Amino acid sequence: MIRKDFMPDYELTATSLANALGVSRQTINELIMGKRSITPAMALRLSRLFGNSPEFWLNVQHARDLWESEKRIQKELKRIHPLTV
């Protein structure tokens, strides 16, 4: 999302984004490549920079984590049948 939606709109490179956030370029590269999660501290940095809430960024991360988990355990989930009252 950062790479596709935010960086182009603000004409940011990985280096300029890293500088604006006060983190390393490696941190940004790992983040935009999906190899690093958005932590609460990073959510605070991103929200300050882009003018939205830290909860926005944490919710984005949470949604991605759920999506990846669902893909990973899809077969196991299919074997679970909902309970009825």
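Please read these numbers as outputs of a predicted model, since none were measured by experiment. Count residues from 1 along the sequence.
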Carboxylate-amine/guanidinium proximity below 4.0 Å for E68 and R72
no
Can you tell me how far apart [atom1] ([X]) and [atom2] ([Y]) are? Round to the nearest 0.5 Å.
X: I28; Y: M33; atom1: CD1; atom2: CE; result: 13.0 Å
X: T27; Y: R45; atom1: OG1; atom2: CZ; result: 9.0 Å
X: K71; Y: Q74; atom1: NZ; atom2: CD; result: 9.5 Å
X: S24; Y: N29; atom1: OG; atom2: CG; result: 8.5 Å
X: L31; Y: I2; atom1: CG; atom2: CD1; result: 4.0 Å
X: M1; Y: I32; atom1: CE; atom2: CD1; result: 14.5 Å

Derivation of the side-chain contact (heavy atoms from CB on, under 4.5 Å) call for Q61 and D65
CA-CA 6 Å; Q61 184 64 55; D65 292 344; 2.8 Å; yes
[X] to [Y] - nearest heavy-atom pair and separation:
X: L77; Y: E70; result: CD1-CG, 4.0 Å
X: L44; Y: P54; result: CD2-CG, 3.8 Å
X: P8; Y: R3; result: CD-O, 3.1 Å
X: L49; Y: L17; result: CD2-CD1, 3.5 Å

Evaluation steps, side-chain contact (heavy atoms from CB on, under 4.5 Å), between L21 and M42
CA-CA 8 Å; L21 293 172; M42 181 58 76; 4.0 Å; yes
Under 3.5 Å side-chain donor-acceptor pair for E30 and Q26:
yes
Backbone of L12 reached by a side-chain donor or acceptor of S16 within 3.5 Å:
no
Exam field: side chain R25 to backbone T15, donor-acceptor pair closer than 3.5 Å:
no
Using the benzene-type ring in the case of Trp, are the ring centres of Y10 and F50 under 6.0 Å apart?
yes
Would you say that more than 12 heavy atoms from the other residues, nucleotides or ligands in this model lie under 6.0 Å from the CD of E11, or not?
no
Does one hydrophobic cluster hold both F56 and L58, with members joined at side-chain heavy-atom distances below 4.5 Å?
no
Can you list the steps and then say if W57 with S47 is a side-chain contact (heavy atoms from CB on, under 4.5 Å)?
CA-CA 7 Å; W57 295 105; S47 68; 4.1 Å; yes
